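Please read the structure below before turning to the comments.
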Amino acid sequence: MAMGVPFKKSLSRFFVFPEIIAILLAFLIGALILVFSGYSPLVAFSALFRGAFGSRNAWGQTLTQATPILFTALAFLLTFRAGIFNIGVEGQFLMGAMASALAGVYFSGLPAPLHIALSLLLGGAMGALWGLIPALLKVYLGAHEVITTMMMSYIASYFTSYLVNYPFKAPGWVAQTENVAKTALLPKILPPTQLSLSFIIALFLSLLLSFFLFHTYFGFQIRAVGLNPGIAENRGIAIKNRQILAFILSGFIAGIGGGGEILGVHGRFVDGFSPGYGWDGIAVSLVGKLHPGGCILASILFGMLRAGGMTMTRVTKVPLDLSLIIQALVIILVSAPYFIKAIILRRKDF
Amino acid sequence: MKKWHFLVLAVVILFLLLPSVSWGEGKKIGLILGTGGLGDKSFNDISYVGALEASEELGIGLDYVEPKAIAEYEGYQRDFASSGGYEIIVCIGFDQADALDRIAQEFPQQKFALVDMTVDQPNVASLLFKANEGGFLLGIQAAYMTESKKIGVVGGMDIPLIRDFFVGFEEGVRWADTGAEVLPKVYVGTWADPTKGKELALSLIDQGCDLIWAVAGKSGLGALEAAKERGVYAMGVDACQCYLGDHIIASETKRVDIAVYETIKAAFDGTFQGGIMERGVAEGWIGICRLPEEQPLWEETFDFKHQVEIPLEVMQKIEEAKEKISKGEIEVPRPPEFGG
């Protein structure tokens, strides 16, 4: 974050533009890869866009795919703003998902709104707890969060897998819990697609987080800790306290996201349901320029690549991996502002 | 406006590089593979062979996808079904059942087939295999080939689908009556962990087994490896896996290719019916690769010769059992979940 002032200024002129260039460039490189592998980029990309935005169903798919990564992106963003590189979002997401699933299955007799709220909040609380552990380890024992959060993710992944394979396994062949009660299911907002209220909650949380970070004193303190802990401390901000708070809130958001995925899409915890949403969230957060609004756009871009990728691979036999390659190219190019700027200004003297 | 030049250039290049491709007309075949994906030289590859054969014979396009996670099934199924371009959508693997149950109701006019599991909808053909019958034949061979009289089996998961193989196998060993026994069954718990499969197989060999049968997807490859390392016999499953090593003396064949092929043909003939299709040795859906009538599925097995000879009288026993199962004279037991 220690960029020189002139560069920052000139970059801000292109605040949106470099990202768009980066995305186009990523597609262009993707097209080249397609051509060299013997596929037609026109057919492949038209299938990709049709599958992502071409119909109600496609929109549903795209936004459904975008939802969990928007949650995890927000969770990552919050800690990153406090100067913490929390790569354990995946674990917080999974623990939240499991808590919500169990609350959905084993509480009964509640009216729907209450059951949903309770399940989601339990998911959030579980995620927060999972975020609190590395926070305490960091603040009181000096354990670096990159190590601890990553390890906590593995623990969460195997622990939830254990729970769903043994104690809470529904009878049958698949490692999954029982279906959650009907009263715990999030309403679908674009039937018959899988898109649920969870997406709206994610949007709402983006707004809330944006307000919190940029318009409250607490949010300011968190950003101050991230920007310059030394000065923040001099000004009397309790760094440890703020970092713990950031961790807890981050875990809470990720946990709600996990719960939303269970109550909104799957209706139960299925072993291995997350193909790495927590990790994708880190990339989305960075592509979204560490701003909640940017995260919304970036998550829809990633959702589009996933959803459209499905149609692309069905129609053209181009492997889904190509979507992932484009995704990776977007990440690389967006996080390489110098490169993009050099292209824009045709200058080589950076 | 120099920066726009680049944009324009990019778009122009994109369109210049487009080879023309024409879309096929008419309804096609849709295939949604299991999460193991192609290249498993087993379940998914076999299904693909069947669909490809139908596609080539009928001159009809085939579109397939390889989902990476259970969570993706529903999206793919809806994507296929809602496009309306598919006469039949074939779903491979029991774990697609939950999603298919929803999608089949959502698209009641769309024909579906599901391998290895039942979905009780009128537009879904559920293709089931009497794996116990093949296990029975393999059990006979195993009973004669073991010298230590101890046989080990490694399963992928402790589920009825896999127990079905083993129930038949144990019965086959008993039927052969050579004094051989099957040690308590072990399960890996996942289809994709060869290391753990190997560990489990080694522990069985340490208990005196000199023949290991692995029914565990990719995890099973580890068990086959363990047998090779210790110089004992092994057996494979799904398709002839014997080319993987001389120590692999036979494999149970589960001809998903035939099932998929027949179902696709029926869909295009107009003879497609929803409901349960359960077939076994008699119909050729189940067998073992040492039987002369088995055809190889891919190049590794085209010119393949088994290295270990099966004595003639053992072969005759197997043929006899097959005959009796086909005629219904031997009823091979099944796990309770399959009505056994």
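In this text, all values refer to a predicted model and were calculated from it rather than measured experimentally. A note on names: the letters A, B, ... follow the listed sequences, proteins ahead of strands, and every chain is numbered from 1.
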Requested in this report: List the steps, then state whether side-chain contact (heavy atoms from CB on, under 4.5 Å) holds for A:Gln327 with A:Val330.
Outcome: CA-CA 5 Å; A:Gln327 200 167 302; A:Val330 171; 5.8 Å; no
Could you go through residues 112-120 of chain B and list every donor-acceptor pair under 3.5 Å that involves a side-chain atom there, pairing it with any protein atom two or more places apart or in another chain?
residue, atom, partner, partner atom, Å
B:Asp116, OD1, B:Lys254, NZ, 3.0
B:Asp116, OD2, B:Lys254, NZ, 2.9

Query raised in the report: Is there a donor-acceptor pair under 3.5 Å between the side chain of A:Thr64 and the backbone N or O of A:Leu195?
Result: yes
Query raised in the report: Would you find more than 12 non-hydrogen atoms of other residues, nucleotides or ligands less than 6.0 Å from A:Phe159 atom CZ?
Result: no
**Report entry** Trace of the ring-ring contact (aromatic ring centres under 6.0 Å, His included) decision for A:Phe27 with A:Phe49
**Finding:** CA-CA 12 Å; A:Phe27 273 93; A:Phe49 286 110; 5.8 Å; yes
Query raised in the report: Considering the options A:Phe302, A:Phe93, A:Phe71, which one meets the ring pair (Phe, Tyr, Trp, His ring centres under 6.0 Å) requirement together with A:Tyr277?
Result: A:Phe93
Report task. Spell out the residues in residues 44-65 of chain B that have some non-hydrogen atom less than 4.5 Å away from a non-hydrogen atom of chain A, in order of number; otherwise answer 'none'. Result -> B:Leu62, B:Asp63, B:Tyr64, B:Val65
Report task. Test the A:Arg314-B:Tyr76 pair against the cation-pi criterion, namely NZ or CZ under 6.0 angstrom from the six-membered ring centroid and within 45° of the ring axis. Result -> no
Report task. Starting at CG of B:Leu100, measure out to CG of B:Asp95 and round the result to the nearest 0.5 Å. Result -> 11.5 Å
Query - Inter-residue atom distance A:Ser196.OG - A:Ile262.CD1, 0.5 Å rounding - result: 11.0 Å
Query - Members of residues 175-182 of chain A whose heavy atoms come closer than 4.5 Å to chain B - result: A:Gln176
Query raised in the report: For B:Glu66, is it the side chain, the backbone, both or neither that has a heavy atom under 4.5 Å from a heavy atom of chain A?
Result: neither
Query raised in the report: Which bit of B:Tyr73 comes within less than 4.5 Å of chain A, counting heavy atoms only: side chain, backbone, both or neither?
Result: neither
Query raised in the report: Looking only at atom types and distance, does a side-chain atom of A:Thr62 sit under 3.5 Å from a main-chain N or O of A:Ala52, one as donor and one as acceptor?
Result: yes
Query raised in the report: Side chains of A:Ser157 and A:Glu90: donor-acceptor distance under 3.5 Å anywhere?
Result: no
**Report entry** Close contacts, residues 155-166 of chain B versus chain A, judged by heavy atoms under 4.5 Å
**Finding:** B:Met157, B:Ile159, B:Pro160, B:Leu161
Query raised in the report: Can you tell which of B:Ser83, B:Gly30, B:Ala99, B:Ala97 has the highest number of heavy-atom pairs within less than 4.5 Å of chain A?
Result: B:Ser83
Query - Gap separating the CD1 atom of B:Ile264 from the NZ atom of B:Lys111, nearest 0.5 angstrom - result: 12.0 Å
Query raised in the report: According to the interplanar angle, ranging from 0 to 90°, do the rings of A:Phe269 and A:Phe273 count as parallel (below 30°), tilted (30 to 60°) or perpendicular (above 60°)?
Result: perpendicular
Query raised in the report: Which one of A:Gln61, A:Gln194, A:His266 has the most heavy-atom pairs closer than 4.5 Å to chain B?
Result: A:Gln194
Query raised in the report: How far apart are the C-alpha atoms of A:Met310 and B:Glu72, what are their side-chain angles, what is the distance that settles it, and do they pass the side-chain contact (heavy atoms from CB on, under 4.5 Å) test?
Result: CA-CA 9 Å; A:Met310 285 186 178; B:Glu72 293 175 13; 4.2 Å; yes
Report task. With a 4.5 angstrom heavy-atom cut-off, could you sort out which part of A:Arg268 is near chain B: side chain, backbone, both or neither? Result -> side chain
Query raised in the report: Is a side-chain donor-acceptor pair under 3.5 Å present for B:Asn123 with B:Gln110?
Result: no
